[in-house]
Amino acid sequence: MSSDTKHRVFVTRNIPDAGLEIVQAACETEVWTEPLPPSRELLLEKISGCHGVLSLLTEAVDAEFFDAAGDQLAVVSNYAVGFNNIDVAEATRRGIRVGHTPNVLTDATADMAFTLLITAARRIVEAADHVRAGEWKTWEPRGHIGLDLCGKTIGIVGMGRIGFAMAKRCYGGWGMQVLYHDQYTNEAANTELGARQVDLDTLLAESDFVSVHVDLNDTTSGMFNSEAFGKMKPTAVFINSARGPLHVSADLHGALSSGEIFAAGLDVTDPEPPAADDPLLSLPNCVVVPHIASATISSRNGMAEIAANNLLAGLAGEPLPCWVNPEVGEDNGDNQTPDR
Ligand code: DGY
């Protein structure tokens with residue numbers, strides 16, 4: 001490509017200006033500005049001939065996607081920290097760089113996990129609905145009783161950046177004991193939060209609140225099923241701010257409606273979005289919000305900036321600031337440690 005020709009890129013949704021303007025200044029850019037994602041057919045048409053794509057977690061980035069884009073595709077920059085929508089092994093095999101947006105959404109996501117925890121434990125949505133429905137008649141000594149938080153036990157499944165930030169809130173603010181389950185030991189959690197690394201069964205049995213923060217992959221998909229809910233306390237609250245398919249929706253519904261667990265708070269669902277008549281939405285003890293954990297100004301702007309910089313670095317054949325598959329750079333010596 002000559003130096004005065006700009007790279008062609010497709011941005012699959014209207015991301016914040018903080019990143020969009022960087023991309024538009026450097027590239028021949030097409031942005032999908034509709035509120036809903038493009039159909040698969042249209043997406044494949046739009047990316048044809050592109051050198052880079054700035055994608056969202058709503059796009060399946062797979063062999064079909066790469067074929068439709070063509071051999072010139074150099075980089076896919078995901079506007080998300082998670083990248084379960086991308087077939088990274090296939091991208092790597094084809095020498096396509098993949099970027100993501102860690103760190104800038106850690107606190108916002110942990111805040112949301114904690115918001116869901118306290119909202120579900122104190123039955124806030126139910127209580128607010130009661131008021132809106134005009135049913136608030138008097139102060140009720142036995143009404144709207146929820147759970148205490150102070151001094152309880154939080155079980156963190158996946159003690160990475162976000163799991164740690166959630167544990168820190170629970171430990172520092174509410175004096176909770178911290179249990180965690182992870183394939184890796186988190187020394188900072190052990191020393192700073194007095195956290196105890198345990199097997200999953202122990203965590204499920206001993207935790208008052210279980211908050212999941214793992215990646216979605218073949219091993220973790222469906223890990224919260226009826227067997228797992230059956231091991232939790234009847235007073236337990238389940239929080240999922242990671243990915244919907246980590247829990248089995250029908251099993252969660254069963255556990256919540258039978259009283260096997262007390263409540264759940266979900267920022268993510270399976271499917272996403274849920275159908276209007278999804279049984280989970282009719283349960284008073286299930287709080288569901290529409291995947292908004294990273295929806296703060298600084299997080300979304302930060303994600304946009306990182307995604308833009310990943311895209312431009314990939315187009316220039318340089319190491320991505322937040323690179324999912326740095327092994328792609330091995331041949332030309334610009335490999336770096338994966339940022340996972
Ligand atoms: C992510 O970044 O993976 C979130 O799910 C969306 O912010």
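Heads up: numbering here begins at 1 and tracks the sequence. Indexing begins at 1, ligand by ligand and atom by atom, following the structure's order. Because the structure is a prediction, the values reported are computed rather than measured.
Among all heavy-atom pairs drawn from Thr220 and Asp215, the shortest one is OG1-O, 2.7 Å. Summarising the geometry of Asp107 relative to Ala165, their closest heavy-atom pair is OD1-CB, 4.3 Å, with the distance given to 0.1 Å.
With Glu206 as reference, Arg196 is the one residue of Lys233, Arg196, Lys231 to meet the salt bridge (charged side-chain N to carboxylate O under 4.0 Å, His left out) rule. Applying salt bridge (charged side-chain N to carboxylate O under 4.0 Å, His left out) to Arg94 and the options Asp71, Asp67, Asp62 leaves one that passes, Asp67.
Short contacts between ligand 1 and Ala80, defined as distances under 4.0 Å to a heavy atom of the residue, involve ligand atoms 1 (C), 2 (O), 3 (O). Residue Ser294 has at least one heavy-atom neighbour below 4.0 Å for each of these atoms of ligand 1: 6 (C), 7 (O). Atoms of ligand 1 lying under 4.0 Å from any heavy atom of Leu105, numbered from 1 in the order shown and given with element: 2 (O), 7 (O). Heavy-atom proximity to His291, at under 4.0 Å, picks out these atoms of ligand 1: 4 (C), 5 (O), 6 (C). Distances below 4.0 Å separate heavy atoms of Arg243 from the following atoms of ligand 1: 1 (C), 3 (O), 4 (C), 5 (O).
For atom 2 (O) of ligand 1, the closest non-hydrogen atom of the protein is Val81 N, 2.7 Å.
Neither the backbone nor the side chain of Thr109 comes within contact range of ligand 1; no heavy atom lies under 4.0 Å.
Thr202 and Asp199 share a donor-acceptor pair across their side chains, judged by distance under 3.5 Å alone.
Considering backbone and side-chain N/O atoms, Gly82 comes within less than 3.5 Å of an N/O atom of ligand 1.
Distance check: Glu192 CD to Lys168 NZ gives 7.0 Å after rounding to the nearest 0.5 Å.
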